[in-house]
Amino acid sequence: MSTLDEDLSRLNFEYLMLARECARSNPAETAWRFGLDRAGIDCLADMTQEQLRQHADSSRAVIRLLPVFAPSNLPMVAYLDLLQPCISETSDETNAR
């Protein structure tokens with residue numbers, strides 16, 4: 001297995017473990033955070049670690065990244081500038097601890 005495949009498998013597994021724990025503790029939050037329907041949440045919550053590992057080793061990304069949409073009347077640079085205070089505020093809070 002190549003390094004890329006190993007890295008992808010590890011990331012997939014960690015993502016699936018996180019999603020499974022969320023599905024077990026708060027299905028409504030899982031639907032919102034991971035974009036799953038009720039059947040997917042129930043299936044994920046019932047999976048064993050071995051089943052998660054099999055899905056993680058599929059050589060395909062299971063992580064779903066949401067695209068960032070800028071308003072049509074605003075340039076992307078301006079939109080990203082609006083997001084920066086949120087990003088720097090979070091990092092400042094992390095560094096203060």
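No hydrogens, no waters, no symmetry mates; every other heavy atom, side chains included, goes into these values. All residue numbers in this chain count up from 1 along the given sequence.
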Distance, nearest 0.5 Å, that separates CD of Glu50 from NE2 of His55: 10.5 Å
Approximate separation, where rounding is to 0.5 Å, of Ser9 OG and Glu14 CD: 10.0 Å
Results of side chain to side chain contact (heavy atoms under 4.5 Å, CB included) for Leu8 - residues two or more places apart only: Asn12, Ala61
With sequence neighbours excluded, residues passing salt bridge (charged side-chain N to carboxylate O under 4.0 Å, His left out) with Asp42: Arg38
Heavy-atom pair with the smallest gap, counting every atom of Gln49 and Phe13: O-CE1, 3.8 Å
From Asp57 atom CG to Asp5 atom CG, the distance as rounded to the nearest 0.5 Å: 9.5 Å
Residue pairs passing the side chain to side chain donor-acceptor pair (under 3.5 Å) test where at least one lies in residues 20-30, sequence neighbours excluded: Asn26-Glu29, Glu29-Arg33
Residues forming a side chain to side chain donor-acceptor pair (under 3.5 Å) with Arg10, sequence neighbours excluded: Asp7
ring-ring contact (aromatic ring centres under 6.0 Å, His included) partners for Phe34, two or more places apart: Tyr15
Gap separating the CZ atom of Arg53 from the CE atom of Met17, nearest 0.5 angstrom: 9.0 Å
Partners passing salt bridge (charged side-chain N to carboxylate O under 4.0 Å, His left out) against Asp37 (at least two apart in sequence or in another chain): none
